[in-house]
Amino acid sequence: MIRTVRTVAELRAHLAGWRDQGHRIALVPTMGNLHAGHHSLIELAKQNADKVVASVFVNPTQFGPSEDFSRYPRTPEADAEGLAQAGCDLLFLPSVETMYPLGAEAAVRIRVPGVADVLEGAHRPGHFDGVATVVARLFNMVHPDVAIFGRKDYQQLQVIRHMTKDLAFAFAIDIVPGPTVREPDGLAMSSRNQYLSPDERRVAVEIIRNLRTLRDQTALGLPPAGLEQEAVERLTAAGFDVDYVAIRRADLSIPDGGSEPGLLGLVAARLGRTRLIDNLDFDGVDAR
Ligand code: PAF
């Protein structure tokens, strides 16, 4: 059984004990429905700290009005068990009232300009405001020495880095990215994969296949814009409704053309009602 706290007072009391003992504390923020990808983040947290706290909170402010907030899978018992097995020390399981005492609608929002406006931000307006808002609150509640975020949500990682750098928190936080964990066929693990029908699941692998094709074509020096368009056409022909296929620099700026080091490919596409995202570092550097 993992020790579970639900209020900020309980959380802080627990963390104060660890701090008194000189422990370095890692935070792994999650929305629950944990899978092997999340468990690998706990593992990484353990390598970077003495004590690990995971939060499980399905954050209403990062879902758009037509998105899947109410049907987002909630599996608190299995999550607690998985976290205990993964070696997590503490589970923070706050309510909406704990995270947003004035209510989610009245919550002070954090907006990260630039990096949050493109790609996911352009297709999910307000999404990254909600992410930055909840992560800043979690940082203020936990004061972690290190916080772990999966590289699968690459743009989220960049948004959080930007926010952390700019907000001058009173405590130093190392943001450590966790590598994307994939199914044997290459599909990136995601809580949303379970929405896929068996037919959609078979087709879903086309996302990583196309990212690998983009990587190989980019290495030949072919212009990114044409490659992106061809990948959109291939994914559409396979049955996807594509939001974007993008070849970008690590800071998500658009490369001038041709091959250059440090590029990555990013895809967001819908299969039926399920929206999937993935990305691939073309240099194979999974930790940037
Ligand atoms: O990546 C997620 O699961 C969420 O966006 C996060 C970082 C836990 C914030 O709600």
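Everything numeric here is computed off the predicted structure, so don't read it as measured data. Here, residue 1 is the first one in the sequence, and each next residue gets the next number. One-based numbering, in listed order, for ligands and for the atoms of each.
Residue contact check: Val134 has heavy atoms under 4.0 Å from atoms 9 (C), 10 (O) of ligand 1. Each of the following atoms of ligand 1 lies closer than 4.0 Å to a heavy atom of Gln62: 4 (C), 5 (O), 9 (C), 10 (O). Applying the 4.0 Å criterion to heavy atoms of Thr30 picks out, from ligand 1, the atoms 8 (C). For ligand 1, the atoms lying closer than 4.0 Å to a non-hydrogen atom of Pro29 are 8 (C). Per-residue contacts place Gln156 under 4.0 angstrom from the following atoms of ligand 1 (heavy atoms of the residue considered): 1 (O), 2 (C), 4 (C), 5 (O), 7 (C).
Between the side chain of Asp166 and the main chain of His162, no donor-acceptor pair closer than 3.5 Å is present.
Using bins of under 30°, 30° to 60° and over 60° for the plane-to-plane angle, the ring pair Phe139/Phe169 lands in the perpendicular bin.
For the pair Arg249 and Phe282, the cation does not sit on the ring face, since its NZ or CZ is not both under 6.0 Å from the ring centre and inside 45° of the axis. For the pair Arg71 and Tyr195, the cation-pi criterion (under 6.0 Å, within 45° of the ring axis) is fulfilled.
A salt bridge between Arg209 and Asp185 is absent, with no side-chain N of the basic residue lying under 4.0 Å from a carboxylate O of the acidic one.
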